[in-house]
Amino acid sequence: MAGRVVLVTGVSRDLGRKFAVAAAEHPNVERVIGVDVVPPRGDVGGVTFVRADIRNPVIAKVIAREDVDTVVHMSIISTPGPVGGGRTTMKELNVIGTMQLLAACQKAESVRNLVVKSTTMVYGASHRDPAMFTEDMEPRHTPRSGYGKDVSEIEGYVRGLARRRPDINVTVLRCANVIGPRVGASPITSYLRMPVIPTVLGFDPRMQFLHETDLLNALGHAIRAERPGTYNIAGPGLLNLSQVTRRLARPTLPMPGFAIGGIGNALRSVRLTDFSPELRAYLTFGRGVDTARMREQLGFEPVYSTAEALDDFATTLDPVEHRLDGVLASLEGRLEGHDRRTDRRPEAIG
């Protein structure tokens, strides 16, 4: 990475900030520009923060002004996070933001490397899935909405850039669910942090994880290796959900699939998790990805296995009893509030 000028998107989120800081400390990186719509929380070290919205064409001016040669796109989000907003905001940041960023990369003659942090959720999850997805396989059930559809569209735009600018090394990392002791809220970490974990009755899905440290290492390795292509990135091994809950010492609550969706609003109201259609499908059918290309062509090997990543994540979990007390108290408070509003309705009508 000799003398490189690296631009990292999504630095308001912990993983984006940590990667930008780590890249800035590399002796062969000249400077790192971190871009987001809100400032990052915590120390940014030698990173130069630029408040910019990648949905706006102004991102092209940033790339040109800073003479950026390497872009690391980490602003493909599954939750609103620090930027706030709902599904509409996420869609705009993911799809419109990526389109603007790619257009800026296409125009900038200085850009020679693009690394995109994608996700294995692009494969979806269904009863027709193969035992292990390779990078060349298409999803058996194409996502029609939500985060999964965003990622599918984004990867299509990235492939378009690679065709139009064959001189750019375009690397797409399809990462398994990222976990670790310092990973913030995500659909899977919020789910696994629940004091009682609801499961789909009759199903025991397979899961793969990627430790946060391995994610940062994989991004850095992709920049240095300059090996364009699409790669599945996951820790060795798989675990069934039943094995996951036992390792976390979490009780489970099996229920029919339709009921998992039904409790989504209640869980969202107490800020535990949000059962999106993608998460419900994953908790039913699971997913496995083949990582041979990661090892043999990209030349990357994760330090943590799936089981080791989970065990490290478990070290930060609150005791179940403490979490249950808090959840019950919150639910009781909301129910009491609902009762008081119900009692007042006849007076308001009258």
Side-chain angles (χ1 to χ4, degrees), residues 1 4-13 15-16 19-20 23 32-37 49-78 81 83 85 88-122 135 138 142-143 146-175 215 218-220 222-223 225-233 298:
M1 295 195 290
R4 290 194 173 176
V5 179
V6 181
L7 183 141
V8 182
T9 66
V11 294
S12 70
R13 292 171 175 260
L15 290 174
F19 174 74
V32 174
I33 299 93
V35 175
D36 216 323
V37 293
F49 173 70
V50 175
R51 187 192 292 265
D53 191 337
I54 64 172
R55 294 171 292 184
N56 191 300
V58 72
I59 189 63
K61 296 181 180 179
V62 175
I63 291 175
R65 183 182 69 239
E66 301 291 344
D67 200 28
V68 171
D69 59 69
T70 300
V71 175
V72 181
H73 186 26
M74 298 186 67
S75 192
I76 303 173
I77 59 175
S78 59
V83 300
T88 301
T89 301
M90 286 174 51
K91 178 77 172 182
E92 291 177 354
L93 283 169
N94 287 341
V95 179
I96 304 302
T98 299
M99 290 174 66
Q100 291 286 2
L101 180 67
L102 297 179
C105 291
Q106 181 176 337
K107 294 177 182 177
E109 294 182 1
S110 62
V111 174
R112 289 291 177 265
N113 301 282
L114 170 66
V115 177
V116 178
K117 177 192 172 294
S118 187
T119 171
T120 55
M121 286 186 68
V122 73
E135 291 85 350
E138 296 292 330
T142 304
Y147 178 55
K149 183 180 180 183
D150 289 357
V151 176
S152 180
E153 292 180 10
I154 287 167
E155 288 201 5
Y157 296 135
V158 171
R159 288 191 293 271
L161 173 67
R163 289 191 296 268
R164 293 188 297 272
R165 283 284 306 271
D167 58 312
I168 297 180
N169 294 307
V170 178
T171 305
V172 177
L173 304 183
R174 289 177 177 167
C175 301
L215 167 64
L219 291 166
I223 294 175
E226 295 187 357
R227 295 178 184 173
T230 300
Y231 302 93
N232 293 332
I233 308 293
L298 184 61

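All of these numbers come straight from a predicted model, not from anything done at the bench.
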Within the structure provided, determine whether V158 and L102 are in side-chain contact (heavy-atom separation under 4.5 Å). yes
Starting at CE of M74, measure out to NZ of K117 and round the result to the nearest 0.5 Å. 6.0 Å
Of the non-hydrogen atoms in V122 and S152, which two are nearest, and what is the gap between them? CG2-CA, 4.0 Å
Does R174 use its side chain to pair, donor to acceptor, with the backbone of E135 at less than 3.5 Å? yes
What's the separation between atom CD1 in I63 and atom CG in L101, rounded to the nearest 0.5 Å? 5.5 Å
Do T119 and I76 have side chains that approach each other closer than 4.5 Å (heavy atoms only, starting at C-beta)? no
From Q106 atom CD to R164 atom CZ, the distance as rounded to the nearest 0.5 Å: 4.5 Å
Within this structure, what is the CG-CD distance for the pair L93 and Q100, rounded to the nearest 0.5 Å? 12.0 Å
Check whether D150 reaches the backbone of V95 with its side chain - one donor and one acceptor, N or O, closer than 3.5 Å. no
Closest approach of R51 and V37, non-hydrogen atoms and distance? NH1-O, 3.2 Å
Work out which heavy atom in V151 is nearest to a heavy atom in S118; give both atom names and the distance. CG1-OG, 3.2 Å
Using the rule given for side-chain contact (heavy atoms from CB on, under 4.5 Å), can you reason through N94 versus I77, listing the C-alpha separation, both sets of side-chain angles and the distance that settles it, and then say yes or no? CA-CA 7 Å; N94 287 341; I77 59 175; 3.4 Å; yes
Hey, are the side chains of R112 and N169 touching, using non-hydrogen atoms and a 4.5 Å cut-off? no
Of all heavy-atom pairs linking L215 and C175, the shortest is CD1-SG, 3.7 Å
Do L173 and V115 have side-chain heavy atoms sitting under 4.5 Å apart? yes
Hey, what do you get for CG (L161) to CD1 (I168), rounding to the nearest 0.5 Å? 5.0 Å
Side-chain heavy-atom pair V72, N113 within 4.5 angstrom cut-off: no
Which heavy atom in A20 sits nearest to a heavy atom in V32, and how many Å separate them? O-CG1, 3.9 Å
Do the side chain of R165 and the main chain of C105 share a donor and acceptor less than 3.5 angstrom apart? yes
Would you name the heavy atoms of A225 and L298 that are closest together and state the gap between them? CB-O, 4.3 Å
Compare all side-chain heavy atoms of K91 with those of E153 and state whether any distance is below 4.5 angstrom. yes
Checking the side chain of D69 only, and the main-chain atoms of V5 only, is there a donor and an acceptor separated by less than 3.5 Å? yes
Exactly one of L7, I54, V68 should register a side-chain contact (heavy atoms from CB on, under 4.5 Å) with V62. Which one does? L7
